[in-house]
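Take a look at the structure set out below.
The figures here come from the full heavy-atom set of this structure, side chains too, leaving out hydrogens, waters and symmetry mates. Letters A, B, ... mirror the listed sequences (proteins, then strands); counts begin at 1.
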Protein chains: 2
Amino acid sequence: MTSTLGYALLNLIACESQTGYDLSRTLQERISFFWQAKHSQIYPELARLESAGYITHEVVRQSDKPDKKIYTITDAGLAALRAWVVAPLKMQPARDELLVKTAAIWQADPAAAAALFRDHERQHAEQLAVYEGIRATMEEKWQGSERRRDQPWFGSYLTLMRGIGYEREYRDWCRWAAEMIEA
Amino acid sequence: MTSTLGYALLNLIACESQTGYDLSRTLQERISFFWQAKHSQIYPELARLESAGYITHEVVRQSDKPDKKIYTITDAGLAALRAWVVAPLKMQPARDELLVKTAAIWQADPAAAAALFRDHERQHAEQLAVYEGIRATMEEKWQGSERRRDQPWFGSYLTLMRGIGYEREYRDWCRWAAEMIEA
DNA sequence: ATTCCATATGTCATGATATACATACGTAAA
DNA sequence: TTTACGTATGTATATCATGACATATGGAAT
């Protein structure tokens with residue numbers, strides 16, 4: 001019944017109690033590679049999670065800013081999250097519009113096609129640089145500290161490394177594709 | 001107005017006139033890595049493409065099988081396809097449920113978590129083997145023949161190589177993640 | 001005879017997602 | 001003083017995508 005987004009939110013709330021607004025920023029900017037959502041999807045999902053008994057909220061009144069709702073995970077929510085995390089999952093086919101264009105590239109002007117791939121090579125190189133920066137910060141923070149797999153950052157590190165591998169491969173492929181067209 | 005799926009279909013029809021049923025099989029099984037669709041999405045999309053003047057159809061009566069509609073691309077359809085192919089496109093953020101589970105892996109039992117990644121390592125290795133097989137067939141076919149970038153298979157080859165790179169990187173990452181958990 | 005399968009085309013209900021609309025507070029800049 | 005911005009929470013609409021439902025043909029298997 002609970003969607004993938006629901007579990008993504010549940011995990012973030014399990015890491016730290018927070019508001020829908022906080023979750024919204026996290027799922028648009030931060031280490032939420034591989035899943036995104038707008039606030040218009042998050043607020044209704046939080047309502048569903050709460051009616052399912054997975055989270056509760058308390059209203060915090062603020063003087064300088066509008067009131068906010070801080071959500072906290074319940075025992076039932078934690079149990080649901082733990083069951084879902086290790087539940088088998090089929091390989092999810094990827095969806096990528098650039099690859100659809102690539103399939104139709106025989107119809108394109110070669111110069112324009114090469115430019116398209118050069119542009120994406122740059123975009124993925126930039127994203128890779130962002131991820132590498134986060135990686136450096138993370139590994140610096142861990143100097144001398146014990147690295148445990150039952151801490152929230154463990155999953156973040158794994159996903160970050162997947163992001164790095166993904167962007168590096170994508171960048172290299174874009175470069176190769178551009179070279180194939182230019183040749 | 002036309003969706004990504006619409007252009008994907010337009011390209012397949014530009015390669016070869018065919019029926020909705022043929023397109024359906026292509027978009028579920030064949031070299032349509034990175035985009036998929038069920039027939040329930042394809043038939044309405046074909047109707048939209050036809051009402052937009054991008055394709056036409058002729059009914060072919062068959063004695064042993066039900067009648068079929070063979071779709072052919074129009075000049076307007078080809079023009080629309082050519083304009084779309086090289087139109088700039090922003091990097092599309094990926095969506096992958098396994099990575100959402102990975103982010104929440106600190107909540108998982110280590111043995112079950114490792115099994116999850118080992119399972120996906122196997123799945124991606126299998127898909128990689130399928131792609132490598134197609135690659136071998138493709139390259140064998142080209143022995144001695146001229147390779148031109150204005151032929152339909154050129155795009156297929158580029159997407160295939162992206163598929164290979166994607167699956168290889170994913171497999172390696174799954175293995176690494178499993179090792180990180182087992183350590 | 002009945003069932004099952006591949007071919008062939010469609011609709012419908014549901015859920016997921018994106019964009020735009022909508023309101024409200026307080027501060028800072030123009 | 002009006003405008004814009006960041007915070008904060010929601011709704012409404014349209015589109016995209018999946019799974020189920022629906023029908024029909026002819027051949028092959030049970």
Side-chain angles (χ1 to χ4, degrees), chain A residues 1-9 13 17-29 32 34-52 55 57-71 89-97 100, chain B residues 1-9 13 17-30 32 34-52 55-71 89-97 100:
Chain A
M1 206 191 87
T2 304
S3 67
T4 302
L5 174 63
Y7 287 109
L9 297 176
I13 296 168
S17 292
Q18 53 191 301
T19 68
Y21 188 77
D22 296 329
L23 291 163
S24 175
R25 281 182 309 179
T26 304
L27 255 68
Q28 277 173 65
E29 305 163 16
S32 64
F34 306 111
W35 212 270
Q36 313 79 37
K38 309 286 177 184
H39 75 274
S40 57
Q41 209 186 344
I42 290 167
Y43 289 118
E45 189 62 40
L46 286 171
R48 275 190 290 272
L49 289 172
E50 188 160 41
S51 71
I55 53 172
H57 81 267
E58 59 165 337
V59 176
V60 174
R61 292 178 201 282
Q62 299 181 115
S63 55
D64 55 333
K65 282 175 275 186
D67 297 352
K68 62 182 179 183
K69 294 182 181 176
I70 296 178
Y71 288 93
L89 173 77
K90 274 181 192 166
M91 227 178 68
Q92 305 249 304
R95 268 211 159 76
D96 189 331
E97 193 172 353
V100 181
Chain B
M1 203 192 87
T2 303
S3 66
T4 303
L5 174 63
Y7 288 109
L9 296 175
I13 296 168
S17 293
Q18 54 191 300
T19 68
Y21 188 78
D22 296 329
L23 292 163
S24 176
R25 281 181 309 179
T26 304
L27 255 70
Q28 278 176 64
E29 306 162 16
R30 285 160 185 276
S32 63
F34 305 110
W35 211 269
Q36 313 80 36
K38 309 285 177 184
H39 75 274
S40 55
Q41 209 185 345
I42 292 167
Y43 289 118
E45 189 62 43
L46 285 171
R48 274 191 290 271
L49 289 172
E50 188 160 39
S51 71
I55 53 173
T56 55
H57 80 267
E58 59 163 339
V59 176
V60 174
R61 293 180 198 279
Q62 298 181 115
S63 54
D64 56 332
K65 282 175 274 185
D67 297 352
K68 61 183 179 182
K69 294 181 181 177
I70 295 178
Y71 288 93
L89 173 75
K90 275 181 192 165
M91 227 178 69
Q92 305 252 304
R95 268 209 160 78
D96 189 332
E97 193 172 353
V100 181

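- Look at CG on B:D22: it is 9 Å from P on C:dT7, rounded to the nearest Å.
- In this entry the distance linking NZ of A:K68 with P of D:dT7 reads 11 Å, nearest Å.
- Residue B:R61 places none of its side-chain N or O atoms closer than 4.0 Å to OP1 or OP2 of D:dT25.
- Interatomic distance, OH of B:Y71 versus CD1 of B:I55, reported as 6.0 Å (0.5 Å rounding).
- D:dT7 atom P lies 15 Å from atom CG of A:L23, rounded to whole Å.
- Per the geometry, CD1 belonging to B:I70 stands 13 Å off C1' belonging to C:dT7, to the nearest Å.
- Here the side chain of B:Q36 pairs a donor or acceptor atom with the backbone of A:A94 at under 3.5 angstrom.
- You'll find the side chain of B:Q62 reaches within 4.5 Å of the side chain of B:K68, heavy atoms only.
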Using a cut-off of 4.0 Å between protein heavy atoms and nucleotide atoms, how would you tag nucleotides 16-25 of chain C 5' to 3' with B, S and -? SSSBB---BB

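- Following rounding to the nearest Å, A:Q28 (CD) and D:dG6 (P) show an atom-to-atom distance of 14 Å.
- Taking every side-chain heavy atom of B:Y21 into account, C:dA6 is the closest of C:dG10, D:dT11, C:dA6.
- Atoms CG (B:L9) and C1' (D:dA17) sit 14 Å apart, rounded to a whole Å.
- In this structure, the side chain of B:T26 engages the main chain of B:D22 through a donor-acceptor pair within 3.5 Å.
- Whole-Å rounding puts the B:K69 NZ to C:dG10 C1' distance at 9 Å.
- At distances below 3.5 Å, not a single donor-acceptor pair connects side-chain atoms of B:E97 with backbone N or O atoms of A:L89.
- In this structure, A:Q62 reaches the D:dA8 phosphate: one of its side-chain N or O atoms is under 4.0 Å from OP1 or OP2.
- The distance between atom CD1 of B:I42 and atom P of D:dC16, rounded to the nearest whole Å, is 15 Å.
- Expressed to the nearest 0.5 Å, how far CD of B:E45 lies from OG1 of B:T2 amounts to 7.0 Å.
- For the pair A:R25 and D:dG6, the criterion of a side-chain N or O lying under 4.0 Å from OP1 or OP2 is not met.
- Between B:K69 and B:T19, the closest side-chain pair of non-hydrogen atoms is not below 4.5 Å.
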